[in-house]
Amino acid sequence: KEVKFGTLNTRAMDFLGGGAKTYKEWFAFLGRQANPNEPGSPYLITYRPDLSDSSGVKPLNTTVYSCGDPSLGCSCGDCPSSSVCMGSLLPQSKTETSCSVKMGSLKAECLDFSLVVVYIVFLCAILLWGLLYRTRGRTGFPSQTKPPKNADDKSNNNGNVPENSAQVPKAASSSIVQTYMSTFFRRHGVFVTRHPLLVLCASLLVPILLCIGLIRFKVETRPEKLWVSPGSQTAYEKQYFDSHLAPFYRIEQLVLATSASDQLEAPTIVNDNNFKLLFQIQKKIDDLRANYSGSTVSLADICLKPLSTDCATQSVLQYFQLDPKKHDDLGIDHAKFCFEHYSSEETCLSTFQSPIDPSTILGGFPGSNFTEASAFVITYPVNNKVETTGQENAKAMAWERAYINLVKEEILPMVLAQNLTLSFSSESSIKDELNRESTADAITIVISYIVMFAYISFTLGDRPSRLWALFVSSKVLLGLSGVVLVMLSVLGSMGFFSAVGVKSTLIIMEVIPFLVLAVGVDNMCILVHAVKRQPDGIVLEERISNALVEVGPSITLASLAEVLAFSVSAINPMPATRAFSMFAAMAVLLDFVLQVTAFVALIVYDFRRAEDGRIDCVPCARLKSSTVAGDNGGHQRLHFVARYMKDVHGPILGYRPVKFIVIAVFVGLAFASIAMSTRLQPGLEQKIVLPRDSYLQFTGLL
């Protein structure tokens, strides 16, 4: 009884059984004598519910299975009691039977209660440790590492420390990995300083060659290709269905509705004026012509035709066979009559000789009172084809874009003039809006990179006491070069995966540029400030190598940890997540390589420029040595942030009460995050990925 008939978007029994509720009604419908040129039985057949033994006919004695039986494999849409539908009930049953602790009028889940208990125990342990530590300091407990009184004498006498005396702790030695990395970065710094041009050209060659792959750059916007794993059962069943039958038809839809006032419900939309408006809209849709490769495409060329004659348009106008003259002759009462007799009355059949269920073409009606409906739903099913080259549905997509433009420019003003609301969508609406979003975000990305460029140029430069020296000590050209390196790493990652056939996604284009920019800016600031912290008296080669020894291992380990994190997340079967992780891992890796090669070479050139007194951004011009020497003679003053960290932030964190408060707050936030994470609702809201000004945000058709 719940099996759907996809072609008409209604139940199969409404079409095959005339809306029968019992087997007697179904047999009566099957035996009804059809009129000439009408599908049905040419003879009147009466099915007898009881048979005599003399007839020799016996009822069929066989087992009847429920649609929920696992052996049948009914889908959730055709059988709500099917086993595949039980998964949707699990979250609700889990919520009802979840563990909870009740204390008086207060009720809390077991996880929340456990986290509170653990947090209280943790705070008590920290307080107890602090009290014991403070008491130990006051009572002066003897140190276990304090050598005996005569240890020095005995050591001086025979040169050996007694066996019963404690060893004096030694300075912590570096690990093998850190020692190897420090040696490597010292040699690397010397090599880059001596051959900056060679390192710069060789390092830039890699991302530039990878950018050639952008020729094959493609963006995947189809939701089923973004969020469904290609190896999942759902994808396999859809592929099997599409290849053996045909893809589900494309949907173009209009929804006209009346508006509700503050205290009153929305009035009915079923009246003569609104029917006349529908006929005007239908004429515009029928007359619409789209251009595709020099030819015109109309709705009749692409629509679904069950009987190969007329489009299977789902509209209340089908009760008049889409003919305005019949509406003028029969009036609105005929439509109300068809609301109740749509499956049995011949005059209510559509142009493609099928009954139209009023529940599929009307909305906002109480119960089965279709005359009180507050909305018209017009649906245009369009033929769909399996896409292999991406051009199979090109004609339909061209018409859909023309259809959306027609609705925006002509139909929408007509509907608003009648004090009605209009919602509309096409099959390609989401894809087109996602493409528009990706194009619109390009401006945001460019602005963000300009802002970060200005920030880097401001933070990397010095604060000289003389205005003229500012032209030399600034780092505008260095900051611009660093931002270009970040862009190259992103483009190189996209080019590499485009070359191997991996499509990009909207998330990649919106998120990865900002992600790599944040990592790149961090490394640039660390490297430049590490060089500036070196003593001024040593040569540039030693300053660069010492700076790389100081911060090189930290940058390497942090970048490798980020690459590893993204690489591990690439095993996620969801295509959008997997593609994002792969693109991000490659971009961060390229960014790291460029930072320790090309950017270090650029630092060498920039510091040589500053030592020669050449102006930033115009290195061919040079200031007088006396103008710059007076400012470079003294020690550079620390920036405001550095002074704050040294004089204010660091000393405040040194107080024991402050340490306790900081630890307590952050551990509390961590526990609260764990508790709140269980309340996350799974799902994918398509509205959040669409532009805020998209017409789909206000249609309610997503």
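Note that this is a predicted model, so its numbers are computed, not measured.
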Point to revise | Parallel, tilted or perpendicular: ring planes of Phe320 versus His334, cut at 30 and 60 degrees | key: tilted
| message | Looking at Tyr319 and Ile356, would you say the former's side chain and the latter's main chain have a donor-acceptor pair under 3.5 Å? | response | yes
Verify, without hydrogens or angle tests, whether Ser498 (side chain) and Met494 (backbone) share a donor-acceptor contact under 3.5 angstrom. yes
Looking only at heavy atoms, the pair that brings Gln33 and Leu44 closest together is CB-N, 3.9 Å
Are any of the side-chain nitrogens in Lys325 or Asp329 under 4.0 Å away from the carboxylate oxygens of its partner?
no
Just so I know, are the side chains of Phe352 and Thr313 near enough to count as touching, which here means a heavy-atom distance under 4.5 Å?
no
Taking atom types as modelled and ignoring hydrogens, do the side chains of Gln318 and Gln314 form a donor-acceptor contact shorter than 3.5 angstrom? no
Show me the side-chain donor-acceptor pairs of residues 290-303 shorter than 3.5 Å, one per line, residues at least two apart or across chains.
unit_1, atom_1, unit_2, atom_2, d
Asn291, OD1, Gly294, N, 3.4
Ser295, OG, Tyr292, O, 2.8
Ser298, OG, Asp301, OD2, 3.1
Asp301, OD2, Ser298, N, 3.0

Contacts of Arg216 meeting salt bridge (charged side-chain N to carboxylate O under 4.0 Å, His left out) (sequence neighbours excluded), chain-then-number -> none
Distance col, row Ile361:CD1 vs Phe376:CZ, nearest 0.5 angstrom, shows 8.5 Å
Contacts satisfying disulfide bond (SG atoms under 2.5 Å apart) that involve residues 339-382 (not counting sequence neighbours) are Cys338-Cys348
- Task: Please determine if Lys305 and Asp310 form a salt bridge, counting it only when a charged side-chain N lies under 4.0 Å from a carboxylate O.
- Result: no
Those residues at least two apart in sequence (or on a different chain) that pass ring pair (Phe, Tyr, Trp, His ring centres under 6.0 Å) with Phe566 are none
For Glu252, the salt bridge (charged side-chain N to carboxylate O under 4.0 Å, His left out) test, sequence neighbours excluded, returns none
Applying ring pair (Phe, Tyr, Trp, His ring centres under 6.0 Å) to Tyr47 and not counting sequence neighbours gives Phe27
> When you look at Glu220 and Lys503, which way does the salt bridge (charged side-chain N to carboxylate O under 4.0 Å, His left out) test go after all the steps?
Replying inline: CA-CA 6 Å; Glu220 183 63 79; Lys503 291 184 178 181; 3.5 Å; yes
Residues at least two apart in sequence or cross-chain that pass ring pair (Phe, Tyr, Trp, His ring centres under 6.0 Å) with Phe29, listed by chain then number, are none
Arg250 meets the salt bridge (charged side-chain N to carboxylate O under 4.0 Å, His left out) criterion, sequence neighbours left out, with Glu400
Point to revise | Aromatic contact, Phe424 with Tyr403 (centres under 6.0 Å) | key: no
Ser425 versus Gln253, side-chain donor and acceptor atoms under 3.5 Å: no
Interatomic distance, OG1@Thr371 vs CZ@Phe339, rounded to 0.5 Å, equals 7.5 Å
For Lys408, the salt bridge (charged side-chain N to carboxylate O under 4.0 Å, His left out) test, sequence neighbours excluded, returns none
Residues passing the ring pair (Phe, Tyr, Trp, His ring centres under 6.0 Å) test with Tyr240, sequence neighbours excluded, are His244
Could you pull out all donor-acceptor pairs under 3.5 Å where a side-chain atom in residues 277-285 meets a protein atom, sequence neighbours excluded?
unit_1, atom_1, unit_2, atom_2, d
Gln282, OE1, Tyr380, OH, 2.9
Gln282, NE2, Asp286, OD1, 3.0
Gln282, NE2, Asp286, OD2, 3.4
Lys283, NZ, Asp287, OD2, 2.9
Lys284, NZ, Glu410, OE1, 3.0

Checking Ser243 side chain against Gln239 main chain: does a donor-acceptor pair fall under 3.5 Å? yes
The side chain to side chain donor-acceptor pair (under 3.5 Å) partners of Ser429 (sequence neighbours excluded) come to Ser426, Tyr695
